[in-house]
Amino acid sequence: MSLLIKGGEIVTADARYVADIWCEGETITRIDRDIAAPAGAEVIDAKGRYVFPGFIDPHVHIHLPFMGTMAKDTYVTGSQAALAGGTTTLIEMCCPAHTDDALAGFELWMAQAAGKSACDFTFHMGVTRFDEKTAGQLREIVRRGISSFKVFLAYKGAFGVDDGELYRTLKLAKELGVIVTAHCENETLVAERQRELLAAGKTDPGQHHESRPPRVEAEGVHHLMTFAELTGAATYIVHLSCAEALAEAVAARQRGVRVEVETLIQYLVLDKTYAELPNFEGAKYVMSPPLRDARNQAVLWSALRSGLIQTVATDHAPFDFKGQKPMGKDDFTKIPNGIPSLEERINLLYTYGVKTGKIDLHTLVDVASTKVAKLFDLFPRKGTIQPGSDADLVVFDPAYRGTISARTQAMNVDYSAFEGWKLEGRPSAVTVRGQVAVRDGKFCGTIGRGRFLQRQPSHF
Ligand code: URP
Ligand code: ZN
Ligand code: ZN
């Protein structure tokens with residue numbers, strides 16, 4: 001298998017130039033001007049297009065039993081959606097129930113992906129309980145190639161851990177060099193406010209925000225930062241949504257706490273008025289932390305530019321508008337949380353970030369690929385374009401014009417949160433380790449070819 005990508009403008013986190021890329025087997029082996037195509041090589045004409053390193057989504061849910069139902073995608077559908085949108089590697093949250101053993105959970109999540117994924121994948125190992133058995137099992141999971149954990153400070157009674165469990169997880173992570181990703185919201189405040197709102201008859205989707213205002217998230221970040229400071233563990237705040245939470249992370253970083261920050265494409269382009277839409281339409285936009293007041297968007301874009309926020313993810317969690325969101329028709333606390341967007345992250349970042357001048361192309365590559373690869377022990381195998389790296393490449397057509405619609409999406413969910421939104425550019429071709437997986441925007445890859453990426457911890 002040999003592949004030549006000809007005449008594209010290569011854009012990495014720190015360079016931009018026109019050249020050809022020669023891939024032998026699964027690897028980039030040469031980057032040069034005017035490479036001649038040997039007989040039998042597949043050639044992609046990339047003239048007038050950008051060539052980006054394959055994008056990596058650091059926060060995805062595929063197999064997700066949650067709030068009494070199951071997220072809709074499988075690896076078969078989810079990996080096709082990821083690839084159509086230029087994401088060649090996804091990092092899924094492995095979230096065993098509180099009552100399940102960590103190792104059994106890891107094996108269950110692996111079984112959902114192995115042989116079914118068209119793109120490469122790995123997991124953040126969710127620690128949803130920490131007892132005598134857990135430490136040994138987590139050590140084994142790290143030996144099997146996992147280098148990041150996930151903890152929830154929210155979701156009381158489900159995935160959430162208590163403070164003792166949080167402390168012991170962080171101590172173990174520090175010893176093993178594992179980075180701990182965390183959902184930061186104060187779960188007691190959420191539960192109390194939900195109770196008050198429902199008692200006052202406030203049941204509609206717009207109340208979701210009132211139950212988890214910015215200070216609830218900021219308090220969650222503050223809490224994690226205290227534990228990170230006292231254990232010395234490396235931490236990563238997932239789906240940070242607002243200025244108040246960012247201020248807590250930055251203050252901690254300034255006093256030496258090891259913390260990285262992820263925001264989501266949803267928080268950059270949507271605001272809380274979507275969740276307030278009438279006739280239960282707002283349920284499409286219920287996720288946690290909630291969509292925020294629009295003033296936060298400028299803060300988040302600016303933090304991406306200046307490096308205060310390191311990555312942009314999706315927290316992809318698809319629940320149907322017709323069959324699943326109505327579980328919370330009369331009680332917003334029962335609306336399955338999540339806004340599907342695995343397929344649209346890069347297109348939205350490009351159209352609403354790069355084209356509007358909020359970020360440049362290098363920042364796009366950095367926050368959606370390179371920085372993710374570096375933080376999660378995948379670099380330079382993933383996250384850049386250089387000889388020796390996996391031939392995961394996105395040929396991106398800036399001349400494409402189109403419209404997002406649920407009717408044409410690959411994600412297995414019955415609505416799009418971005419229905420009717422205009423796009424100015426999209427991936428025209430995408431390769432996974434040297435094999436073309438998307439052509440003219442359509443999936444043409446191989447289900448089951450996606451590989452589990454073994455990682456070595458580095459955050460000692
Ligand atoms: O609303 C969200 N974020 N749903 C997925 C579960 C989580 O908290 O990551
Ligand atoms: Zn979360
Ligand atoms: Zn999540």
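We count ligands from 1, going down the list as the structure has it; atoms in each ligand are counted the same way. Only this structure's heavy atoms are used, side chains among them; waters, hydrogens and symmetry mates stay out.
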Check your understanding: Between atom NE2 of His316 and atom CE of Met287, what is the distance when rounded to the nearest 0.5 Å?
Key -> 11.5 Å
Check your understanding: Taking the six-membered ring of Phe152 as reference, does the NZ or CZ atom of Lys150 fall below 6.0 Å from its centre and within a 45° cone about the axis?
Key -> yes
Review point. Does any N, O or S atom in His239 come within less than 2.8 Å of the Zn ion (ligand 3)?
Key: no
Practice item. Using a 4.0 Å heavy-atom cut-off, say whether Met93 meets ligand 1 through its side chain, its backbone, both or neither. Key: neither
Check your understanding: Heavy atoms only: which of Tyr155, Phe66, Phe152 is nearest to atom 8 (O) of ligand 1?
Key -> Tyr155
Review point. Are the aromatic rings of Tyr267 and His239 close, with centres under 6.0 Å apart?
Key: no
Exercise for review: Taking the six-membered ring of Phe319 (Phe, Tyr or Trp), confirm whether the NZ or CZ of Lys325 is under 6.0 Å from its centre and within 45° of its axis.
Suggested key: no
Study note, to complete from the structure: ligand 1 to Met287, heavy atom cutoff 4.0 Å, flagged ligand atoms 1 (O), 3 (N)
Review point. Are His61 and His59 close enough that their ring centers fall under 6.0 Å?
Key: yes
Practice item. For Asn337, take its heavy atoms, then give the atoms of ligand 1 lying under 4.0 Å from any of them. Key: 1 (O), 2 (C), 4 (N)
Check your understanding: Just going by heavy-atom distances, which of Pro336, Ser241, Ser288 is nearest to atom 1 (O) of ligand 1?
Key -> Ser288
Review point. Between Phe130 and Tyr167, is a ring pair (Phe, Tyr, Trp, His ring centres under 6.0 Å) present by the stated rule, with each step listed?
Key: CA-CA 10 Å; Phe130 197 106; Tyr167 187 75; over 10 Å; no
Practice item. Just jot down the ligand 1 atoms closer than 4.0 angstrom to any heavy atom of His183, in number order. Key: 8 (O)
Study note, to complete from the structure: Output for pair (Asp390 CG, Thr384 OG1), nearest 0.5 Å, gives 12.0 Å
Practice item. Considering only non-hydrogen protein atoms, determine which one is nearest to atom 2 (C) of ligand 1 and report residue, atom name and distance to 0.1 Å. Key: Asp315 OD2, 3.5 Å
Review point. In His183, the N, O or S atom nearest to the Zn ion (ligand 2) is which?
Key: ND1
Practice item. May I ask you to establish whether Lys202 and Phe332 are in a cation-pi arrangement, using a distance under 6.0 Å from NZ or CZ to the six-membered ring centre and at most 45° from the ring axis? Key: no
Check your understanding: For ligand 1, which atoms have a heavy atom of His61 less than 4.0 angstrom away?
Key -> 5 (C), 6 (C), 7 (C), 9 (O)
Check your understanding: Between NE2 of His61 and OD1 of Asp315, what angle is found at the Zn ion (ligand 3), rounded to 10 degrees?
Key -> 90°
